[in-house]
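Below: the structure, in structure tokens.
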Amino acid sequence: MRLWHQTLITRLPRQQLLGQHRECCALRGKGWMKPHSTVNYVFQHPMEYLFQYHQLVIEEMEKRGYNVGPEWKRLHYRGKHLPETVELSSEHFTTSNPIYPEHTDTYLRECLDNLSQKGIFIDFPESHHSIDRDS
């Protein structure tokens, strides 16, 4: 379980992008607030942040020609097995970029290392690291 650094979404290979969609669906559904070391930080923020992140994943999937269930574009949707959550509101969206403050340059390097261990090498020049919340 992992949410890839936000800046990697557009560069993820097919398998990782589709896996990211499944991960977001799971977290928005019954996985919400279920501890897992690599995603625990997500639960420290409003669920609306996860929705925003998921929309970036969906946008990339659609750019690549994949079909995404339209229900996942609804803020209140939590999957087939949970009722919609009316407490969610776009008022809780963040204007921060990246959405999660934990998506620092250090986390980006960690994600790139993780991908390289899987044999996936994404060219990400140092000059492209415009996000530095490590300091």
Side-chain angles (χ1 to χ4, degrees):
M1 296 177 81
R2 168 183 302 277
L3 290 188
W4 296 109
H5 191 286
Q6 181 176 322
T7 60
L8 291 175
I9 292 171
T10 59
R11 296 164 158 235
L12 289 172
R14 177 184 187 279
Q15 184 177 349
Q16 279 66 33
L17 181 64
L18 298 179
Q20 193 70 143
H21 172 59
R22 288 189 302 273
E23 181 69 21
C24 289
C25 293
L27 287 171
R28 284 178 63 186
K30 289 186 175 184
W32 184 250
M33 297 306 284
K34 295 238 170 96
H36 191 283
S37 60
T38 57
V39 293
N40 282 344
Y41 69 89
V42 171
F43 309 132
Q44 297 170 11
H45 302 284
M47 186 185 271
E48 288 86 345
Y49 286 23
L50 178 60
F51 173 82
Q52 285 181 270
Y53 180 92
H54 193 193
Q55 296 315 292
L56 296 176
V57 173
I58 289 171
E59 287 171 19
E60 182 60 25
M61 290 174 64
E62 290 178 335
K63 281 181 194 170
R64 297 186 194 185
Y66 302 125
N67 294 320
V68 179
E71 62 276 10
W72 289 109
K73 296 178 187 178
R74 294 197 322 258
L75 173 61
H76 305 288
Y77 188 72
R78 304 259 335 261
K80 293 178 184 176
H81 304 291
L82 291 174
E84 294 206 2
T85 306
V86 295
E87 298 84 29
L88 300 177
S89 168
S90 59
E91 292 176 13
H92 297 283
F93 285 179
T94 181
T95 56
S96 295
N97 187 12
I99 293 165
Y100 289 105
E102 291 81 3
H103 287 205
T104 62
D105 281 352
T106 300
Y107 185 65
L108 174 59
R109 285 187 290 275
E110 191 179 304
C111 288
L112 289 169
D113 288 346
N114 183 289
L115 287 165
S116 69
Q117 291 170 11
K118 299 174 189 307
I120 300 165
F121 301 95
I122 297 177
D123 182 32
F124 210 93
E126 285 296 320
S127 62
H128 212 300
H129 294 200
S130 59
I131 304 157
D132 193 355
R133 293 190 180 163
D134 293 347
S135 35

Quick check: do Leu27 and Phe43 have side-chain heavy atoms less than 4.5 Å from each other? yes
For residues 87-95, run the donor-acceptor check on the side chains, cut-off 3.5 Å, and write out each pair with its distance to 0.1 Å, sequence neighbours left out.
from  : atom 1 : to    : atom 2 : distance (Å)
Ser89 : OG     : Glu91 : N      : 3.0
Thr94 : OG1    : Ser96 : N      : 3.0
Thr94 : OG1    : Ser96 : OG     : 3.2

So how far is it from Ile9 CD1 to Glu60 CD, rounded to the nearest 0.5 Å? 8.5 Å
CD1 (Ile122) and CG (Leu8) are apart, to the nearest 0.5 Å, by 5.0 Å
Measure from the side-chain N and O atoms of His5 to the backbone N and O of Thr104, and report whether any donor-acceptor pair falls under 3.5 Å. yes
Could you list all the salt bridge (charged side-chain N to carboxylate O under 4.0 Å, His left out) pairs where at least one residue sits in residues 73-86, not counting sequence neighbours? Glu62-Lys73, Arg74-Glu84
Check whether any side-chain heavy atom of Tyr107 lies under 4.5 Å from a side-chain heavy atom of Glu102, and answer yes or no. no
Could you label the plane-to-plane angle of the Tyr100 and His103 rings as parallel, tilted or perpendicular, counting under 30° as parallel and over 60° as perpendicular? tilted
Phe51/His54 aromatic ring centres below 6.0 Å: no
Are side-chain heavy atoms of Trp4 and Asn114 found at a separation under 4.5 Å? yes
Side chains of Tyr66 and Arg14: closer than 4.5 Å at any heavy-atom pair? yes
Joint cluster assignment, Val86 & Leu75, ILVMFWY side-chain distance < 4.5 Å: no
Backbone N/O of Arg2 and side chain of Gln20: donor-acceptor pair under 3.5 Å: yes
In short, Arg64 meets Thr10 closest at the heavy-atom pair NH2-O, 3.2 Å
Under 4.5 Å between side-chain heavy atoms, hopping through other hydrophobics if needed: is there a path connecting Tyr41 to Met47? yes
Closest non-hydrogen atom pair, Trp72 against Cys25: CE2-SG, 3.4 Å
Within-4.5 Å side-chain heavy-atom neighbours: Leu18 and Leu12: no
Step through the shown structure and confirm whether more than 12 heavy atoms of other residues, nucleotides or ligands are within 6.0 Å of CG on Asn67. no
Answer yes when Lys63 and Glu59 have at least one side-chain N-carboxylate O distance shorter than 4.0 Å, and no when they do not. no
Qualifying residue, where the test is side chain to side chain contact (heavy atoms under 4.5 Å, CB included) with Ile99 and the options are Gln55, Gln52, His45: Gln52
Any side-chain heavy-atom pair of Tyr53 and Leu3 under 4.5 Å: yes
Does a side-chain heavy-atom distance below 4.5 Å link Val57 with Glu23? no
Of the non-hydrogen atoms in Pro35 and Asn40, which two are nearest, and what is the gap between them? CA-OD1, 3.2 Å
Flag the pair Tyr77 / Thr85 as yes when at least one side-chain heavy-atom distance between them is below 4.5 Å, and no otherwise. no
How would you list all residue pairs meeting salt bridge (charged side-chain N to carboxylate O under 4.0 Å, His left out) that involve residues 29-55, not counting sequence neighbours? none
So does Asp123 get a backbone contact from the side chain of Arg11, meaning a donor-acceptor N/O pair under 3.5 Å? yes
